[in-house]
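The model shown is predicted, which means the values in this text are computed figures rather than measured ones. Counting starts at 1 for both ligands and their atoms, in listed order.
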Amino acid sequence: MLVSAKEMLTKAKAGHYAVGQFNINNLEWTKSILLTAQELKSPVILGVSEGAGKYMTGYKTVAAMVKAMVEELNITVPVALHLDHGSYEGAKACIEAGFSSIMFDGSHYPIDENIAKTKELVAICEEKGLSIEAEVGSIGGEEDGVIGKGECADPDECKAVADLGVTMLAAGIGNIHGKYPDNWEGLSFETLDAIQAKTGDMPLVLHGGTGIPEDMIKKAISLGVAKINVNTECQLSFADATRKYIEAGKDLEGKGFDPRKLLAPGAEAIKATVKEKMELFGSVGKA
Ligand code: 13P
């Protein structure tokens with residue numbers, strides 16, 4: 001069974017650790033993340049971008065696959081299936097398809113429109129028992145072809161959106177998706193501190209979890225971050241392991257070309273990345 005992310009994030013915020021959101025792209029990815037969460041007794045959030053949803057043929061396929069996998073792998077730790085950076089229409093489609101959590105990213109709208117649309121989706125999610133993440137201040141880098149600047153969110157706007165009754169709030173604090181450039185200035189803890197002061201118990205979300213130094217991750221958690229999103233790092237470790245397998249000519253040995261063998265090193269590499277992140281975020285044993 002899938003659960004809303006509310007309870008796991010409320011506990012994380014109170015317990016000063018963070019739950020990882022790991023984005024999924026296919027069956028192997030999903031299986032690796034679920035098995036690792038179970039092994040480490042950690043709650044977990046599976047993120048699905050709109051592009052990944054389309055790639056996997058649609059949100060209904062994703063919801064059906066994840067629900068069946070949780071059951072057939074006997075996963076007992078809390079698992080939320082969450083739309084990542086959803087549009088207004090995408091959020092509605094995922095609610096319909098059986099996701100247990102959504103993100104509505106209205107950060108590119110003027111704040112009044114972001115508030116109006118978020119408010120409408122909060123009411124629907126409340127009625128259905130789903131969790132909802134909102135975003136204020138765009139997160140930089142490229143995701144599904146959308147490039148954001150990585151601005152810092154305005155703490156008063158964060159409070160206005162938090163007060164709508166969202167479950168969790170993503171606020172830009174200089175973080176970006178993908179690899180960080182060499183001249184990256186780091187996270188703005190001053191902004192994070194000001195946002196947490198205005199939003200109190202609201203679990204804050206840190207996007208762009210790939211490549212943030214460990215000390216910054218720990219400091220962000222100490223300042224109220226209770227959910228951290230990781231995507232690129234799993235993609236890189238999957239690609240690297242697959243390349244090594246092929247470069248070593250293993251696909252040409254025996255039945256090494258069988259996709260179940262070819263994709264196995266990548267699937268193992270994702271497990272290792274997820275384990276490392278869960279240990280760093282402090283969610284191990286918290287399920
Ligand atoms: P990374 O790709 O930088 O890990 O960011 C993931 C993310 O924030 C998904 O929303």
Side-chain angles (χ1 to χ4, degrees), residues 5 9 18-26 29-30 32-33 36 44-56 59 62 80-87 90-91 94 99 101-108 131-153 166-182 184-187 192 203-214 216-217 220-221 225-240 269-270 272-278 280-281 283:
L9 293 181
V19 177
Q21 172 192 305
F22 300 95
N23 284 46
I24 58 172
N25 291 282
N26 61 20
W29 232 268
T30 313
S32 290
I33 297 165
T36 307
V44 71
I45 298 169
L46 301 179
V48 180
S49 70
E50 295 206 346
K54 272 194 202 115
Y55 174 77
M56 289 184 274
Y59 301 127
V62 177
L81 177 60
H82 181 72
L83 171 67
D84 190 28
H85 291 284
S87 62
C94 285
F99 278 45
S101 187
I102 55 151
M103 173 182 190
F104 168 59
D105 180 358
S107 62
H108 49 284
S131 42
I132 174 166
E133 174 178 343
E135 177 171 325
V136 180
S138 88
I139 291 156
E142 197 207 315
E143 195 167 68
D144 281 348
V146 180
I147 299 178
K149 276 201 308 290
E151 61 197 45
C152 281
V166 298
T167 319
M168 52 199 137
L169 184 71
I173 55 167
N175 43 329
I176 62 171
H177 293 118
K179 289 182 180 174
Y180 285 86
D182 292 340
W184 180 50
E185 287 168 16
L187 298 176
L192 182 57
L204 302 174
V205 183
L206 182 64
H207 281 248
T210 298
I212 299 178
E214 285 193 21
M216 285 195 201
I217 293 276
I221 294 172
V225 163
K227 171 176 178 277
I228 302 178
N229 293 4
V230 178
N231 180 19
T232 305
E233 204 154 326
C234 288
Q235 299 192 358
L236 290 170
S237 60
F238 184 86
D240 191 47
I270 290 179
T273 301
V274 170
K275 181 167 190 262
E276 189 188 297
K277 295 297 168 193
M278 286 178 165
L280 173 62
F281 302 166
S283 68

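- Defined by atom type and a distance below 3.5 Å, a donor-acceptor pair is missing between the side-chain atoms of H85 and E133.
- Near H207, the atoms of ligand 1 lying under 4.0 angstrom from a non-hydrogen atom of the residue are 8 (O), 10 (O).
- Taking a cut-off of under 4.0 Å to the non-hydrogen atoms of V230, the atoms of ligand 1 that pass are 4 (O).
- When atom types are taken as modelled, the side chain of W184 and the backbone of G174 share a donor-acceptor pair closer than 3.5 angstrom.
- Judged purely by atom type and a 3.5 angstrom limit, T167 has no side-chain atom pairing as donor or acceptor with the backbone of S131.
- Polar contact with ligand 1: present for H177 (N/O pair, distance under 3.5 Å).
- When all heavy atoms of A269 and F238 are compared, the pair lying nearest together is CB-N, 4.5 Å.
- Residue-ligand proximity, H85 to ligand 1, at heavy-atom distances under 4.0 Å covers atoms 10 (O).
- With contacts defined as side-chain heavy-atom distances shorter than 4.5 Å, the pair Y180/N175 qualifies.
- Counting heavy atoms closer than 4.0 Å to ligand 1, residue T232 contributes atoms from both its backbone and its side chain.
- Residue-ligand proximity: G178 is placed with a non-hydrogen atom under 4.0 Å from ligand 1.
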